[in-house]
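Only a predicted model underlies this, so the values are computations on that prediction, with no experimental measurement involved.
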Amino acid sequence: MTVLRLARSELKRMTSGVLPKLTIVALSLVPLLYGAIYLYANWDPYNNLSGIKAALVVEDTGAAPSKPDGTKGEELNAGSKVADSLLDAHLFDWQRVSTSQQADEGVRTGQYAFALKIPADFSKNLVSPSSFDSAHQAMLNVTTNDANNYLLSTIVDKLTTAVHSTVAQEVGQQTADQLLTGFGVIHQNMVKAADGAGTLSKGLTQLQSGATQLHQGTGDLTTGAQQLVDGQGKLVAGANQLSSGAGTLSNGLSQLNQGASQLPASTKQLADGAAQVAAGNAQLNAKVQGAVQQLQGAETKLDTDIKSTVGKLVTDGVITQAQADKVLADLQTAQSSNPVTDAKAKISGAAADVQKLSDGSAAVAAGAKKLSDAAPTLAGGISQANNGAAQLAQGAKTLAAGEQDAYNGASQLSAGASKLNTGAAQLQDGSKTASSGAKELASKLAEGSGQIPNPNENQRDNVSKVMSDPVSVNNVSQAKATTYGAGLAPFFLSLSLWIGAFMLVQAMRPLTQRALASNAPSWKIGIAGWLPFFVVSAVQTALLWAVVTLGLKLESANPALTFVFLLFAAMAFTALIQGICALLGTPGKFVVLILLVLQLVSSGGTFPWQTTPEPFHVVHDILPLGYVVTGMRHLIYGGDLSMVAPIMLGLVGYAVLGMGMSILAVHKHKLWTLKSFKPEISV
């Protein structure tokens with residue numbers, strides 16, 4: 001007996017009546033009912049959210065951003081914009097509610113699935129980044145209630161995230177634009193500051209030169225001030241001497257003034273006496289001159305008489321001429337020692353002296369007369385000199401005091417000049433440092449101004465967009481599910497085939513008693529027991545695939561290969577389930593159910609299997625459903641197909657494993673026992 005004859009015999013038995021036929025039809029529809037209907041119900045839920053009522057509360061009062069120049073910008077009413085965009089999108093059945101309390105109460109009672117509340121300070125906080133002192137985050141308040149629906153909270157989170165991103169991008173662009181505008185202003189001011197620093201540097205260079213000259217001047221001033229102190233010291237000493245001398249002069253002139261008061265009378269007496277002396281001297285001079293003339297006349301008569309006598313004697317011949325000359329010579333000699341001659345000489349000398357005395361007395365008289373005439377004036381001048389000397393003494397005293405003050409001031413000037421010189425030296429050093437620093441400041445400001453952006457309007461608009469949304473995700477989808485249902489299809493199609501195969505053992509026998517009673521080899525009986533399961537599962541697969549592709553419009557990148565892959569999955573699933581149930585009997589159904597549960601959580605049909613606890617990773621690696629789901633995703637979405645062939649080979653291996661268990665079950669059940677006729681558990 002061949003395998004196909006055994007299998008056909010079992011199929012004829014299963015379809016021999018109306019009820020068995022209906023049973024086979026019903027079993028064929030199990031995967032369709034589970035997989036197709038579930039996918040249909042959840043094919044595109046995100047496009048059907050408009051039937052969900054949601055409360056929308058807008059309490060935003062609006063706000064105006066602050067510009068860099070301190071003025072207010074355009075009024076922003078972000079809350080109204082968000083509300084209008086939500087209403088226009090019709091994503092949910094939005095219901096405007098007046099207050100947050102009403103919305104929260106509606107969520108609590110289930111009137112609304114959730115509530116989105118835009119607070120009064122929403123716009124105010126959105127524009128707050130324009131002021132560094134009062135920046136606050138804008139809040140969107142969402143009230144959910146998992147009692148309404150747990151997954152709805154996840155959907156709402158995506159909604160609020162989208163709203164947050166949109167609003168943040170729009171407002172962030174405005175803020176970034178203001179910030180970039182501020183950078184432009186800073187750049188311009190930095191350029192001005194650099195120019196000012198350059199001017200400052202030049203000024204400080206001049207200041208340095210001036211400070212050097214000032215230092216030199218203060219050095220000279222210090223030297224001159226010291227010389228001034230020394231000179232003032234001498235002036236103080238001289239002023240003191242002048243004051244002392246002026247005092248002495250004043251005392252002397254005071255005494256002179258007292259004597260000068262008697263001067264006019266005394267000089268008058270002097271003038272009168274001098275006149276009398278002059279007159280007496282004139283008379284005396286006249287008498288002396290007369291006596292001299294008389295003596296000269298007597299001497300001349302005597303000489304004449306002598307000479308006449310001697311001449312007469314010569315004439316008379318008394319004596320010779322020689323004797324006469326000798327006599328005359330002796331007479332001349334005798335005259336030189338003659339008392340008369342001596343008296344004459346003395347009288348002549350006295351006459352001369354008298355004449356001088358007369359002339360002098362006359363001059364004295366004239367001078368005395370002038371002195372007498374000038375005496376009043378002289379007395380007045382001495383009086384004035386006395387007064388002046390007193391004033392001079394007082395002035396000299398004041399001068400001495402003033403010179404002392406001047407000396408003290410000069411000393412202070414010298415000390416101040418010394419400090420000034422020290423300060424000038426410090427100013428010179430400081431101006432040098434400041435000049436160097438100003439040059440560096442000008443250089444750094446110029447360099448810094450070049451680093452501060454100065455965007456034009458187009459650049460500012462472009463950069464503000466980038467700043468508000470700096471990361472743009474360029475989704476390159478190598479394999480993409482078109483809808484939510486298409487995303488679930490690999491899992492539910494694979495799962496429905498396992499469930500469909502599991503339902504077959506409820507109505508079909510893994511091994512027939514007729515086959516076990518035959519003389520056919522065990523492997524033929526085992527394969528023959530599996531083939532009816534696979535045939536019905538293949539029908540299930542064809543119906544499921546036809547409804548999903550034609551009815552739900554599931555678009556597969558590899559439709560023919562996907563269908564073949566599903567047949568391989570059906571082959572593996574039916575072989576495993578038939579083999580387990582054949583080997584274990586009725587308890588095998590419970591084992592298959594346990595395997596179903598384990599594969600539900602470990603196959604990665606919804607969440608990635610890597611997110612499950614570690615023990616389920618081992619289950620994922622051992623059981624076939626996870627591999628089938630992975631292969632279906634690559635086939636339907638158009639992913640890498642290099643792994644499909646190894647998975648199909650693996651499914652063949654699972655089928656061989658199932659057939660091995662079936663053959664082992666045949667070998668086991670060919671040995672008839674009492675338990676074979678009356679099993680402990682029978683379904």
Side-chain angles (χ1 to χ4, degrees), residues 3 6-7 10-11 14 23-24 26-35 491-512 515-516 522-523 525-544 565-603 605 619-620 622-629 632 647-648 650-666 668-669 679 681-683:
V3 172
L6 289 173
E10 178 62 16
L11 288 174
M14 293 174 57
T23 301
I24 294 299
L27 291 175
S28 300
L29 295 177
V30 168
L32 185 63
L33 293 174
Y34 179 79
F491 175 60
F492 281 97
L493 290 177
S494 303
L495 183 61
S496 63
L497 290 182
W498 182 276
I499 294 174
F502 175 64
M503 292 301 297
L504 292 179
V505 296
Q506 308 304 321
M508 297 173 61
R509 290 177 293 184
L511 296 173
T512 63
L516 290 173
S522 297
W523 65 270
I525 297 173
I527 295 175
W530 162 73
L531 279 177
F533 283 83
F534 174 66
V535 171
V536 176
S537 182
V539 174
Q540 292 175 336
T541 302
L543 290 175
L544 178 63
F565 186 83
L566 284 174
L567 290 178
F568 270 75
M571 174 187 67
F573 293 166
T574 54
L576 284 173
I577 293 173
Q578 185 266 345
I580 292 172
C581 291
L583 182 62
L584 301 178
T586 301
K589 299 178 181 179
F590 181 69
V591 172
V592 172
L593 180 61
I594 292 175
L595 293 177
L596 172 62
V597 174
L598 290 175
Q599 293 182 108
L600 280 173
V601 297
S602 66
S603 63
V619 175
H620 172 82
I622 295 176
L623 300 180
L625 187 61
Y627 296 105
V628 175
V629 171
M632 288 290 289
I647 292 176
M648 294 176 73
L651 293 175
V652 171
Y654 283 113
V656 171
L657 176 61
M659 292 178 190
M661 288 188 291
S662 179
I663 294 171
L664 180 60
V666 171
K668 176 182 177 182
H669 291 302
I681 300 176
S682 178
V683 178

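- By the ring-ring contact (aromatic ring centres under 6.0 Å, His included) test, Tyr627 is found to be paired with His620, residues two or more places apart in sequence or in another chain being considered.
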Before you tell me yes or no, could you show the steps for Leu623 and Tyr654 under side-chain contact (heavy atoms from CB on, under 4.5 Å), namely the whole-Å CA-CA distance, both residues' side-chain angles and the distance that decides it to 0.1 Å? CA-CA 9 Å; Leu623 300 180; Tyr654 283 113; 5.6 Å; no
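- Partners of Val591 according to the side-chain contact (heavy atoms from CB on, under 4.5 Å) rule, which considers only residues two or more places apart in sequence or in another chain, are Ile580, Leu584, Leu595.
- You'll find the side chain of Ile577 reaches within 4.5 Å of the side chain of Val505, heavy atoms only.
- Considering every non-hydrogen atom in both Met632 and Leu493, the closest pair reads CE-CD1, 3.8 Å.
- With contacts defined as side-chain heavy-atom distances shorter than 4.5 Å, the pair Gln599/Leu495 does not qualify.
- Between Ala501 and Gln540, the shortest heavy-atom distance links the atoms N-OE1, 4.0 Å.
- Considering only heavy atoms from C-beta on, Val628 stays 4.5 Å or farther from Ile647 through its side chain.
- Here Lys589 contributes atom NZ and Ile594 contributes atom CD1; the two are 15.0 Å apart, rounded to the nearest 0.5 Å.
- A distance of 12.0 Å separates CG in Leu531 from OG in Ser537, rounded to the nearest 0.5 Å.
- Under the ring pair (Phe, Tyr, Trp, His ring centres under 6.0 Å) criterion, the residue pairs touching residues 568-588 are Trp498-Phe573, with sequence neighbours excluded.
- Counting only distance, with no hydrogens or angles, the side chain of Ser496 and the backbone of Phe492 share a donor-acceptor pair below 3.5 Å.
- Scanning both residues, Ile527 and Met659, for their nearest heavy atoms gives CG1-SD, 4.4 Å.
- Between Thr541 and Ala570, the shortest heavy-atom distance links the atoms OG1-CB, 3.7 Å.
- Note: Leu497 CG to Leu567 CG = 9.0 Å, rounded to the nearest 0.5 Å.
- For Leu593, the side-chain contact (heavy atoms from CB on, under 4.5 Å) test picks out Phe502, Leu596, with sequence neighbours left out.
- Residues Leu625 and Ser494 approach most closely at CD1-CB, 3.6 Å, considering heavy atoms.
- Evaluation of the side chain to side chain donor-acceptor pair (under 3.5 Å) test over residues 567-578, restricted to residues two or more places apart or in two chains, returns Trp530-Thr574, Gln578-Ser662.
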